[in-house]
Amino acid sequence: MIANIVKPGSNTRGVLVYLFDKGRANEHTDQHIVASWDGFAPDPGPKGSPGHEHRMDQLVQALDLRVKQAGDQAPEGHVWHCSLRTAPGDRSLSDAEWATIARRVLHATGIAPAGDPDGCRWIAVRHADDHIHIVATKMRGDLRPPRNWNDYHRAMTELTRIETDFGLHQVDRDRDAWPATKRPTRAEAEKAARNGHSRTVREQLRLTVRTALSHAHSVEEFLGLLADAGLQVETRTLPSGDLNGYKVALPGDTADSKPIWYSGTALATDLSLPKIQERLATEPTEPTAPQPAGRPRPNPWHQATAAIERIPHHLAQDQDPAAPTSAHLVAFGEILYALPALAPTDFRAELRKAAFAFEYAVNTRARVDHQHARALRGACKTLGTHPADDGLIAMLVDAAILTVIAVRRHSALRHHDQQVAAAQQTLLHLQAAYRQAAPAPLARLAERKPPADTARRYAEHLRKTVPAHAEQILDEPAWDALTAVLADAQRKGHDPADLLQQAAGQRPLDDARSPAQVLTWRIQRLGERHAPSLGARAAQTSSAVQRPAPPAHPAAIAPKASPAQRR
C-alpha cells in the first residue's frame, strides 16, 4: 500500500469538490464517505446527486469550524490531504476495512490520535476500488495545531503493519530500493485501455523525454528534441530570463479542449529541470582523449561496451551506501534508452521495452556525477557518431545482459523484490533483442574461421586460460567465430594467448549462457586496440609472474542463477 501526502493547502472546499467530482477522466465513481471524525459527517455524494450542494456546504463548514474559531492562530496550510492506494493484484477492501485503515494512519501521523476527543476533524472518501482519500483540517479541539511532524515516515511505518494485518502486498520501503518512476495508477491504465494504447499517457511522455535526454548535450537541445518528437512543450522562465521549468503534453490528450500538461517531476523525480541540468552539466566536453598520430580514434561502441562490462564489478564491491554504483546504473539506463534509435529497425521494439522495464529496477534518484560514470555517459552521447550494425548491437547487448543479471542478484541479496522482478523483465527483453541481433554477425565471423591446425592451437590456449569453461566453449557453435576473431587479432600483431587471458580475466564467465560468444565480443574489441610492442609484452609477462594471484571475485561466491535463468 502506498501513501501520498500532498503539500498542505488552505482551500477545504476545493479539495472536496475534486474528490466528489467525476475526476479528470471520469475515473471517480460512487464517491462516498467511509469514515469521519465522529461518524456523522454529512456525505455530499457524487456531484449532481440530489442535495449535493447543500450537504457540501454543511461538510465544509463542519471541517473548517475549528479553523474559523482559531482565527489568526490557524496555520496557513490547514488542509491535510493523504491518499492511500493498494498494490495491483491486492484484493478489494470493504468500506469498513478502509475506515479502519484510515483511523490507524491518522493515529500514527498524530492528526487524530485514537481516543483523543480533541483530535483534528477528518473524513475518508472512497471514489475508486483501490484507494481512498483522507482530508483533515489541522486544528485540534483545544485550538492547537496537531503534532504531526514526520507524518510521511510515520504513515509508511504504519502501512507496513497494515499490509501484514490485512494480507496485502508487502511494499519494499527501503529508500534505496525506490525508483524515481511511479507506477501508473489504475485510472491511467483504464484510460489508456479505452483509447487503445498499451501505455498510459504519462508512460508515453516519460519514454519520449528519457530518449531525448539520452541523446541531448544541452538543455536547449533536449527541449528541441522533445518538440521534434511531436510533443507539445512549454517552458517557464524567471524575470532574469533563466529557464525555471518545463512541461510537456501529448497531442490529442486534452480535457475541456485544453492539453493535459505534465511537468518533468510529474513524470519522474529525476526528470525535473534541475536534475536534467545537473546531469547534462556533468558530461565531459571531450568524451575521448586526443589520439596519438597514426592511431584510429576509439570506437564509441567498444568504449560503451567496456564501461558496461565493469558495472558488475562495481556492484559486487558495493558495500558502502556512498559507493558510486547507482551513478553507473543511471548512466547504463541512458544507454538503454539511446539504443533503439541507433539500432536496426528489427531490434528496436525489444530494446525499447528493456529500457522501459529497467526504470523500475534501480534507484534513479542517485547522484549522476561520479567520475567513472561520466565515461559511460560520454560514450553514450557519441554512439551516434559511429555507424551501428548488428554486430556492434549484439556486442553491447551481450554485455548489458550480464550487467542486468548482476543487478538482479544485487537486488535479490537485499530482498528488493520489486527491483528483482523489473530486472527480470529487462533481462527477457534484452535476451530477445540479442537473439535477433547475434546470429548474423556470428555466422559471418564463423565463415572466416582459420585452418584446423590454428584452431587446435587456440584450443590449447583456451584450456590453459579458462579450464573450467574450455570444454563447453569448444562444443559451442560460436567456437568458430571465436577462432576467427583470434586469427584477426593475431594478424594485427596481438598474441592470441594474451588476448584470451585478458578477455577471460575481465569478468567471470559464470553467468554467461554462451561463454564462447562473450569471449568473441571481448576479443573482437581487444583486437582492435593498438598491438603492444615486443618490449611491452615482455614487461607484461614479467609483471604477471611477479604479481600475486588476485582474490576470488565476489560474484563467484554470490548465489548463482539456475541454468534456466541464465542467458
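Residues: numbered from 1 along the sequence shown.
With respect to T520, the side chain to side chain contact (heavy atoms under 4.5 Å, CB included) criterion is satisfied by exactly one of D398, L486, L442: L442. Shown are R202, R199, R194; of these, the salt bridge (Lys or Arg N to Asp or Glu O under 4.0 Å) with E188 is made only by R202.
Legend: side-chain hydrogen bond (donor to acceptor under 3.5 Å, both in side chains) pairs involving residues 81-93, not counting sequence neighbours, sorted by first then second residue: H81-H133, R85-D130, R85-H131, R91-E97, S92-D129.
Side-chain atoms of T403 come within 3.5 Å of backbone atoms of I308 as a donor-acceptor pair (strictly under, hydrogens ignored). Judged by distance alone, with hydrogens and angles left aside, the side-chain atoms of W301 form no donor-acceptor pair with the main-chain N or O of L396 at under 3.5 Å. Side chain of H494 to backbone of G527: a donor-acceptor contact under 3.5 angstrom is found. When atom types are taken as modelled, the side chain of R408 and the backbone of A423 share no donor-acceptor pair closer than 3.5 angstrom. A donor-acceptor pair under 3.5 Å is formed between the side chain of S263 and the backbone N or O of A266.
Minimum heavy-atom separation, K381 to H215: NZ-N, 3.8 Å. The two residues E528 and K492 come nearest to each other via the heavy atoms CG-NZ, 4.0 Å. The two atoms that bring L250 and L205 nearest to each other are N-CD2, 3.8 Å, heavy atoms only. Summarising the geometry of I2 relative to L159, their closest heavy-atom pair is C-CD1, 4.1 Å, with the distance given to 0.1 Å.
Atom CZ of R525 and atom CG of L392 lie 10.5 Å apart (nearest 0.5 Å). Taking NE2 of H302 as the start and CH2 of W521 as the end, the distance is 9.5 Å to the nearest 0.5 Å. Once rounded to the nearest 0.5 Å, the distance linking CE of M156 with CD1 of I162 reads 9.5 Å. Rounding to the nearest 0.5 Å places CD1 of I405 at 12.5 Å from CG of L315.
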Exercise. Carefully, step by step, assess Q524 and L445 under the rule side-chain contact (heavy atoms from CB on, under 4.5 Å).
Key: CA-CA 10 Å; Q524 189 173 51; L445 288 172; 4.0 Å; yes
Practice problem: Evaluate the side-chain contact (heavy atoms from CB on, under 4.5 Å) criterion for residues E203 and F356: first the C-alpha distance (whole Å), next the side-chain angles of each, then the deciding distance (0.1 Å), finally the verdict. | Solution: CA-CA 9 Å; E203 289 174 323; F356 197 78; 3.5 Å; yes
Exercise. Determine, stepwise, if the pair Y246 / I276 fulfils side-chain contact (heavy atoms from CB on, under 4.5 Å).
Key: CA-CA 11 Å; Y246 77 99; I276 288 175; 3.5 Å; yes
Exercise. Run the numbers on E350 and R435 for salt bridge (Lys or Arg N to Asp or Glu O under 4.0 Å), then give the verdict.
Key: CA-CA 11 Å; E350 293 294 346; R435 286 193 296 269; over 6 Å; no
Quiz item: When you look at Q425 and Y360, which way does the side chain to side chain donor-acceptor pair (under 3.5 Å) test go after all the steps?
Solution: CA-CA 10 Å; Q425 285 299 312; Y360 300 100; over 6 Å; no
Practice problem: For the pair L273 and T235, evaluate side-chain contact (heavy atoms from CB on, under 4.5 Å) and give the outcome as yes or no after the intermediate values. | Solution: CA-CA 10 Å; L273 180 64; T235 57; over 6 Å; no
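Using a 4.5 Å heavy-atom cutoff, the side chains of I260 and V201 are not in contact. By the 4.5 Å heavy-atom criterion applied to side chains, D510 and H469 are counted as neighbours. Residues D488 and R448 have side chains in contact (heavy-atom distance under 4.5 Å, counting atoms from C-beta outward). A 4.5 Å side-chain heavy-atom check between F347 and D390 finds at least one atom pair inside the cut-off. Annotation: side chain of Q424 is not in contact with side chain of V404 (no heavy-atom distance under 4.5 Å). By the 4.5 Å heavy-atom criterion applied to side chains, Y262 and V209 are not counted as neighbours. Using a 4.5 Å cut-off on side-chain heavy atoms (C-beta onward), T237 and N244 make no contact. The closest side-chain heavy-atom distance from L93 to M1 is below 4.5 Å.
One finds a salt bridge joining E359 and R206 here, because a Lys/Arg side-chain nitrogen approaches an Asp/Glu carboxylate oxygen to under 4.0 Å. Taking 4.0 Å as the cut-off between side-chain N and carboxylate O, R444 and D389 do not count as a salt-bridged pair.
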